[in-house]
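Chain letters run A, B, ... following the sequence lines, proteins first, then strands; residues in each count from 1.
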2 protein chains.
Amino acid sequence: MKRKVTLKQIAKELDVSISTVSKSLKDSAEISEDTRQKVQAFAKLYNYKPNNIALSLKNKKTKTIGIIIPEIVHHFFATVISGVENVANEHGYNVIVCLSDESFDKEVINMEMLANGSIDGFIMSLSKETQQKRDFHHISEVINQGMPVVMFDRVTNDILCDKVIIDDNLSAIQAVQTLIDKGLKKIALITTVDYVSVGKLRTEGYLKALKSNDIKIDENLILKIEDIEHCDEAIEDLIKNQQIDAIFAVNELFAVTAIKSALKIGLKIPEDIAVIGFTDGIISKYSSPSITTVSQNGIKMGGKAAKMLIERLESEDEDDEHYRTEVIETHLVERESTPTL
Amino acid sequence: MKRKVTLKQIAKELDVSISTVSKSLKDSAEISEDTRQKVQAFAKLYNYKPNNIALSLKNKKTKTIGIIIPEIVHHFFATVISGVENVANEHGYNVIVCLSDESFDKEVINMEMLANGSIDGFIMSLSKETQQKRDFHHISEVINQGMPVVMFDRVTNDILCDKVIIDDNLSAIQAVQTLIDKGLKKIALITTVDYVSVGKLRTEGYLKALKSNDIKIDENLILKIEDIEHCDEAIEDLIKNQQIDAIFAVNELFAVTAIKSALKIGLKIPEDIAVIGFTDGIISKYSSPSITTVSQNGIKMGGKAAKMLIERLESEDEDDEHYRTEVIETHLVERESTPTL
DNA sequence: AGACCTTCCGAAAACGTTTTCGTGTTGAAA
DNA sequence: TTTCAACACGAAAACGTTTTCGGAAGGTCT
């Protein structure tokens, strides 16, 4: 077991000063050819690598990005991390991941832990509880200390910072319009409770699309799910009790659950009921029938967020208060759960 | 914008020494009640929090765990991270995630980056390329420097360290036996190429199960997939050209692809063909029909790995060479893709 | 009055770097 | 011989902590 070697040890062995070793390894012209060679050879032999922690302390930069998301066992969030990792690595950054578990307290604790020097900046998506409480003091505090934050997907207008989102509203309108264009009239909506920002926006999009096509809104066709674990019964009831042509679901899980329920009852998809989901994940792709969805490119979103963060970190003027909100475009991936014209 | 306050600044403001401030905040008996109160009040007012980097440098401990996995957009690996996060947080550790992208080079680079002081220990699963090359020098190097490593799932006997695995062999035997017990004889295998350790073990399990039931092994029923992106055609061919009762697939993706192919041809599941997969992910659960799988509890695996690592990190005797291999039990989750007796 | 013990606090080292500045030696020019 | 530049290197500060040790001030005891 040979422990990591430090500048000090090399200096001692070679009987020179620490400064000389450091400069030699950096090919400084201050050091004679001779000494440089000697030091470099020795360093290579002992596989010297500078200690990251010491560097971080000195440079006041950790070259690390902190990500805080509600959960990781979730296709969309996983793709976002993947996107962040990619561009982070390209720029020599590491990524430290914390899970809020949809809990406000955990989100706060995690942010505070990381804010004490561990990272250079945050990329985050709000937990449900945080969105419900509308308490963002932990975020503004961090920003106030000069640490940049980029929010994605689940964002809030109450905080001024860079953001990356999709146009949930427009995407929902387009999805519903697609159903209408296929001649479907009685379109149900399966959505989340309103405090989830993206759910709310998608719901609004659904309403707008119906209105602009002069379709009367039927509250009985709108299902707001609180408890995602037990959505099955509610969805099954909806399909059984209402005459429905199509379903627009604000996420994959609702979409696939709706399909399973419909199949169970004996309905055919897409002939009897068409389904469009949101977030193009693994479920939509591999479900039978496969599901038509609004594709939300997590890789792109994560990549963009990372790029914005790193740009800010490495920009000259520290506190540029000019924050941007990037909108990632979506598109509809048509699969087997919707009829072809 | 108020930047983070340091001991030095507090000391200056209060006209005492840095040591006094530090001790006061730690409630040291060395400091008078008076001074202590004064310092603590001031620190609280300015929301003082010690700098993690400085602490890491001093203590030679980062309280951070590094995870290196092949990919994160993958249900199983995501659950493992989740498991690691849980117990890591409980013990005050953070988690830094790196993706090897199934590439040997990336795995090496990531390990080297993190090994230079950024973390206290590794939890990792080998990339495909690493398993193929059988080159593990980067891992033994890290271990040699005194940094503990825990490997999970995709492990190797060439490295001595703590490991967490499932009994792939036995689990496969049980799965295939289940099919046989249901009266199925012509059982196909869809597996990976041999260098993937878990794929190989599961394949062996399949073979053993057939042998012990005196069923002749038909090479035509064994499909080894190299390129996972284009497995569709091969699988469809297999189903079309061979008379098959059942399919044992070594992962979810193969299983669901097989089902989709069979349905496409017009076969009924499970009546015409039964299917058992491996890894109980989101696909198996939400597929139609849902898929019977060998459940491999990623949360448990990650949690166990984290526990082993932390125990080693915090154990008294530094270089305990007594390495353990924990086996996480699996169980078969029976769903719609297999017939009930 | 001297010896000694508390109480309270500060100086300094240590962790591993980088970088600025100072300094001793050498050689050449005046 | 003196003067000055060029060269090669080392000392020290800085980043923010924790902790050991030493010491000043004051009190108590003989």
Can you confirm whether the side chains of B:Thr79 and B:Ser82 place a donor and an acceptor under 3.5 Å from each other? no
Hey, does B:Lys8 reach any base, or is it just sugar-phosphate, or nothing, if we go heavy atoms under 4.0 Å? sugar-phosphate
Contact interval (first through last nucleotide) of DNA chain C with protein chain B, 4.0 Å heavy-atom: C:dC8 to C:dG16
For DNA chain D, which residues in residues 27-43 of chain B have a heavy atom at a distance below 4.0 Å? B:Glu30
Measure CG/A:Leu7 against P/D:dG10 and give the value in whole Å, please. 13 Å
Going by an N to O cut-off under 4.0 Å, is there a salt bridge joining B:Lys106 and A:Glu90? no
Could you tell me whether A:Thr6 contacts a base, only the sugar-phosphate backbone, or nothing, with contacts defined as non-hydrogen atoms closer than 4.0 Å? sugar-phosphate
Does any residue of residues 51-60 of chain A have a heavy atom under 4.0 Å from DNA chain D, and if so, which ones, in number order? A:Leu57, A:Lys58, A:Lys60
Salt bridge between A:Arg312 and A:Asp162, side-chain N to carboxylate O under 4.0 Å? yes
Any chance the side chains of B:Glu85 and B:Asn89 put a donor and an acceptor closer than 3.5 Å? yes
Give a yes-or-no answer on whether the side chains of A:Glu141 and A:Gln145 include a donor-acceptor pair shorter than 3.5 Å. no
Electrostatic pair A:Arg154-A:Glu102, nearest N-O below 4.0 angstrom: yes
If you round to the nearest 0.5 Å, how far is OG1 of B:Thr35 from CD of B:Glu30? 12.0 Å
Donor-acceptor pair, distance only, cut-off 3.5 Å: does the side chain of B:Ser24 make one with the backbone of B:Thr20? yes
B:Phe152 vs B:Ile165 side-chain heavy atoms within contact, under 4.5 Å: no
Considering every strand and a 4.0 Å limit on heavy-atom distances, what is the contact class for A:Lys23: base, sugar-phosphate, or nothing? base
Should the pair A:Arg134-A:Asp158 be classified as a salt bridge under the 4.0 Å nitrogen-to-oxygen rule? yes
